[in-house]
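To start, the structure under review is shown below, and the notes come after it.
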Amino acid sequence: MTGTAARIRKVVVLGGGTAGWMAAAYLGKALQGTVDVTVLAAPARPRACTGEATVPHLHRAFFDFLGINEDEWMRECDASFRTATRFVNWRTEGASEAAARALPAGGPDHFYQPFGLLADYDRIPLSQYWVKRNHDGGAREPFDYACFREPPLMDALKSPRRLDGRAATRYAWHLDAGLVADFLRRFAVGKLAVTHVEDEMTGVDRDGRGHVSALRTASGRVLEADLFVDCSGSRGLLLDRALGEPFLDMSDQLPCDSVVATTVPHDDAAHGVEPYTSALAMSAGWTWKTPLSGRFGTGYVYSSRFTTPQEATAELCDLWGLDPSTTRFEHSRHRVGRTERAWVRNVVGIGRSAGYLEPLESTGIHFVTAALHLLVKHFPDRTFNPALVDVFNREVAVMFDDARDLTQTHYHCTPRDDTPFWRATGELPLTSGVRERIAAYRAGLPVGSPHTDESTYYGDFEAEIRNLGSNGSYYCLLTGLGLLPDAPLPALAHRPESVAGAEPLFQAIKRQQQNLLETLPSAYDCLRRLHGA
Ligand code: FAD
């Protein structure tokens with residue numbers, strides 16, 4: 001079987017959550033009508049909190065690819081802007097609170113991880129010059145404020161976009177995940193001829209090779225296909241249950257396995273809209289805050305070893321002043337880790353069926369987008385050439401493990417030890433990636449994913465999908481947690497011209513911050529214009 005005779009003719013996507021409808025729309029578009037795409041999904045259950053945070057390439061790599069402009073999908077998904085994550089109270093001891101406490105040495109206990117790109121000079125990232133300045137006593141400004149344009153803009157609740165739609169800085173979005181799935185369903189079915197079967201999968205047929213040949217449903221349908229995309233969520237009905245792919249449990253490396261989430265009303269006109277996601281340290285984990293129009297999504301991500309669902313709910317209520325008797329909460333428990341392979345035989349797992357990482361680095365939708373890009377790039381025929389499958393699996397595993405390492409670095413490097421949870425995070429067994437990065441950082445070297453090439457991520461999507469663990473992210477995180485390198489990059493002692501040449505970059509950032517502060521609209525005004533009053 002070769003050439004067109006072997007080509008894939010039918011794809012069935014199992015699951016109609018974010019991953020399922022993103023997969024259907026992306027494959028429908030990418031395969032240009034050459035393949036029948038069907039989505040089999042049980043009817044959706046309404047969720048108590050659907051506010052989710054995304055990363056910048058969602059737009060370029062996904063919605064641009066679908067040909068849907070930013071204003072349109074932002075309106076459909078009730079989206080708001082996200083210029084950074086703001087980490088609050090990860091250094092100081094105390095009860096959970098949304099406001100940043102004061103650090104013992106002065107200044108607030110918060111730091112930003114912006115999406116803006118870190119400049120470099122003479123092929124050395126600005127972070128290394130900042131460390132040298134700091135070490136030589138020449139600069140005391142925190143790394144994020146000294147090296148990025150965005151932090152003062154976020155303090156002032158400024159929009160990253162001008163009123164005419166031009167971007168002033170690099171940004172991502174908060175969106176209503178329920179609306180995203182619904183919008184993409186309408187788009188995929190209406191514009192890309194994707195078939196939607198609303199039914200429950202009850203059985204799986206396999207052929208002689210062990211491949212899945214058809215899915216059986218509660219109402220008696222039999223859906224045959226050449227390729228199956230498992231978007232059935234954490235139950236992993238095809239990858240895990242039907243094919244028995246081993247799950248790599250990472251719960252010893254990351255402590256949080258549970259979430260209590262809700263939505264909180266917010267008076268945007270009175271208080272403005274925060275153009276960032278907040279990650280607030282709690283007694284046994286952390287809480288996200290993702291602003292949407294007139295409300296924000298929030299969820300306490302905690303470790304069930306250190307608190308109960310009832311205690312976690314009470315702590316979340318105290319944080320936001322919620323009445324537990326009138327607020328609807330959603331509780332969930334998660335298996336932390338990934339399947340050994342995301343693509344097995346003719347089944348590709350995308351979304352939570354292939355792995356789950358707590359949303360500290362907002363990786364859920366990022367993984368879905370990246371996996372779809374990789375699937376299309378390595379799209380098989382019915383021979384399922386193992387070379388395609390192996391490259392895909394390697395890339396997905398690296399991406400997941402890099403994000404896990406970045407997440408583990410948060411816990412390992414926080415100096416907090418005021419609760420049993422924070423004491424336990426200091427004893428997590430470190431992955432080799434975390435150990436190596438921290439050693440390199442202490443020695444003054446740039447750090448990041450070994451798979452991130454800082455010099456190429458401006459242009460190349462594949463480098464950009466790995467930008468999560470870039471040098472800039474690690475420096476924001478590690479300096480923000482109060483951990484400084486032992487010494488500047490030793491090579492800088494031999495590059496006085498580079499050190500002098502980098503100095504004007506710091507002044508240029510200050511000028512740009514001031515200019516943007518004076519010219520950008522508030523996030524509230526920009527969103528009001530976009531969504532209507
Ligand atoms: P699900 O949403 O669980 O969807 C599974 C689908 O499969 C459902 O439609 C279900 O009906 C269907 N299904 C299951 N069994 C059957 C069956 N037998 N027959 C038919 N259909 C079936 N990501 C981010 O990028 N940013 C965030 O801020 C963020 N926050 C998160 C917060 C929490 C608490 C959680 C749990 C995740 C978060 N994520 C976030 C991750 C993100 O929500 C998910 O990765 C993403 O939505 C993909 O989910 P999914 O579609 O794989 O699974």
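Note that this is a predicted model, so its numbers are computed, not measured. Just follow the structure's listing: the first ligand is 1, and inside any ligand the first atom is 1.
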Next item on the list: Below 4.0 angstrom from a heavy atom of G351, which ligand 1 atoms are there? Numbered from 1 as shown, please.
Entry: 52 (O)
Note to self: Give me the residue, atom name and distance of the protein heavy atom closest to atom 53 (O) of ligand 1.
What the structure shows: G233 CA, 3.5 Å
Checklist line | Single hit among F187, F62, W173 for ring-ring contact (aromatic ring centres under 6.0 Å, His included) with W73 | finding: W173
Checklist line | Any protein heavy atom < 4.0 Å from atom 5 (C) of ligand 1 | finding: yes
Next item on the list: Write out the residue and atom name of the closest protein heavy atom to atom 21 (N) of ligand 1, then the distance separating them to 0.1 Å.
Entry: A42 N, 3.0 Å
Check: At what distance, to the nearest 0.5 angstrom, does CD of E76 lie from NE2 of H531?
Finding: 11.0 Å
Checklist line | Proximity flag E358 to ligand 1, non-hydrogen atoms under 4.0 Å | finding: no
Notebook entry, point to check: Which of the numbered atoms in ligand 1 are below 4.0 angstrom from a heavy atom of S362?
Noted result: 25 (O)
Notebook entry, point to check: Backbone or side chain, does any N or O of P359 fall under 3.5 Å from an N or O of ligand 1?
Noted result: no
Next item on the list: May I ask you to decide if the ring planes of W286 and W90 are parallel, tilted or perpendicular, using 30° and 60° as cut-offs?
Entry: tilted
Next item on the list: Please confirm whether the backbone N or O of A342 pairs with a side-chain atom of N393, one donor and one acceptor, at under 3.5 Å?
Entry: yes
Check: What's the shortest distance from atom 41 (C) of ligand 1 to any protein heavy atom, and which residue and atom give it?
Finding: G364 CA, 3.8 Å
Next item on the list: Looking only at non-hydrogen atoms, find the nearest pair between S304 and R333 and report the distance.
Entry: OG-NH2, 3.1 Å
Margin query: With a 4.5 Å cut-off on side-chain heavy atoms, are D401 and R338 touching?
Written below: yes
Checklist line | Test of proximity, G17 against ligand 1: N or O pairs below 3.5 Å | finding: yes
Note to self: Regarding E361 and H410, do their side chains bring together a donor and an acceptor under 3.5 Å, going by distance alone?
What the structure shows: yes
Check: Applying a 4.0 Å heavy-atom criterion (strictly less than), which segment of D199 is in contact with ligand 1: side chain, backbone, both, or neither?
Finding: backbone
Item checked: M201 N/O under 3.5 Å from ligand 1 N/O -> yes
Check: Using heavy atoms and a threshold below 4.0 Å, how should the contact between L237 and ligand 1 be classified: side chain, backbone, both, or neither?
Finding: side chain
Margin query: Can a donor-acceptor pair be found, under 3.5 Å and without considering hydrogens, that links the side chain of D230 to the backbone of S353?
Written below: no
Margin query: Taking the ring centre of each residue, are Y276 and Y112 less than 6.0 Å apart?
Written below: yes
Checklist line | H373/F65 under ring-ring contact (aromatic ring centres under 6.0 Å, His included): CA gap, chis, key distance, verdict | finding: CA-CA 10 Å; H373 170 82; F65 178 73; 8.9 Å; no
Checklist line | Distance from atom 47 (O) of ligand 1 to nearest protein heavy atom, with residue and atom | finding: T18 OG1, 3.0 Å
Check: If you measure only the distance, is there a donor-acceptor pair under 3.5 Å linking the side chains of S96 and E315?
Finding: yes
Check: atom 26 (N) of ligand 1: which protein heavy atom is closest, and how many Å away?
Finding: A53 O, 2.6 Å
Margin query: Please work out, at 4.0 Å between heavy atoms, whether the side chain, the backbone, both, or neither of I365 comes within that distance of ligand 1.
Written below: both
Check: Which atoms of ligand 1 have any heavy atom of C231 under 4.0 Å away?
Finding: 5 (C), 6 (C), 7 (O)
Notebook entry, point to check: Relative to the heavy atoms of S232, which atoms of ligand 1 are at a distance of less than 4.0 Å?
Noted result: 5 (C), 7 (O), 14 (C)
Check: Are a donor atom and an acceptor atom from the side chains of T277 and H174 found within less than 3.5 Å of each other?
Finding: yes
Notebook entry, point to check: Does ligand 1 have an atom that lies less than 4.0 angstrom from a heavy atom of T54?
Noted result: no
Next item on the list: Would you check whether G299 reaches within less than 4.0 Å of ligand 1, judged by its heavy atoms?
Entry: no
Checklist line | Side chain, backbone, both or neither: the part of A19 lying under 4.0 Å from ligand 1 by heavy atom | finding: both
Notebook entry, point to check: Would you say G51 and ligand 1 have an N/O pair spaced under 3.5 Å apart?
Noted result: no
Next item on the list: Consider only side-chain N and O atoms of R305 and S303, and report whether a donor and an acceptor are under 3.5 Å apart.
Entry: no
Check: Side chain, backbone, both or neither: which part of A177 comes within less than 4.0 Å of ligand 1 when only heavy atoms are counted?
Finding: neither
Next item on the list: For H334, counting its heavy atoms only, list the atoms of ligand 1 lying under 4.0 Å from any of them.
Entry: 36 (C)
Check: Would you say R416's side chain and N89's backbone share a donor-acceptor pair under 3.5 angstrom?
Finding: yes
Margin query: Could you identify the single nearest non-hydrogen protein atom to atom 3 (O) of ligand 1 and state the distance to 0.1 Å?
Written below: R352 NH2, 3.2 Å
Notebook entry, point to check: Hey, does the side chain of R75 reach the backbone of L530 with a donor-acceptor pair shorter than 3.5 angstrom?
Noted result: yes
Notebook entry, point to check: Among Y356, F367, W21, which one has a heavy atom closest to atom 35 (C) of ligand 1?
Noted result: Y356
Check: Which of the numbered atoms in ligand 1 are below 4.0 angstrom from a heavy atom of R235?
Finding: 14 (C), 15 (N), 16 (C)
Notebook entry, point to check: Taking atom CD of E198 as the centre, does the number of heavy atoms from other residues, nucleotides or ligands within less than 6.0 Å exceed 12?
Noted result: yes
Next item on the list: Considering heavy atoms of the protein only, find what lies nearest to atom 7 (O) of ligand 1 and give residue, atom and distance to 0.1 Å.
Entry: G15 CA, 3.3 Å
Check: Does R170 use its side chain to pair, donor to acceptor, with the backbone of F115 at less than 3.5 Å?
Finding: yes
Note to self: Which residue and atom name correspond to the protein heavy atom nearest atom 43 (O) of ligand 1, and how close is it?
What the structure shows: E52 OE2, 2.6 Å
Checklist line | W288, portion touching ligand 1 at heavy-atom distance under 4.0 Å | finding: side chain
Note to self: Suppose I only count heavy atoms of V259 and a 4.0 Å limit; which atoms of ligand 1 are within that range?
What the structure shows: 34 (C)
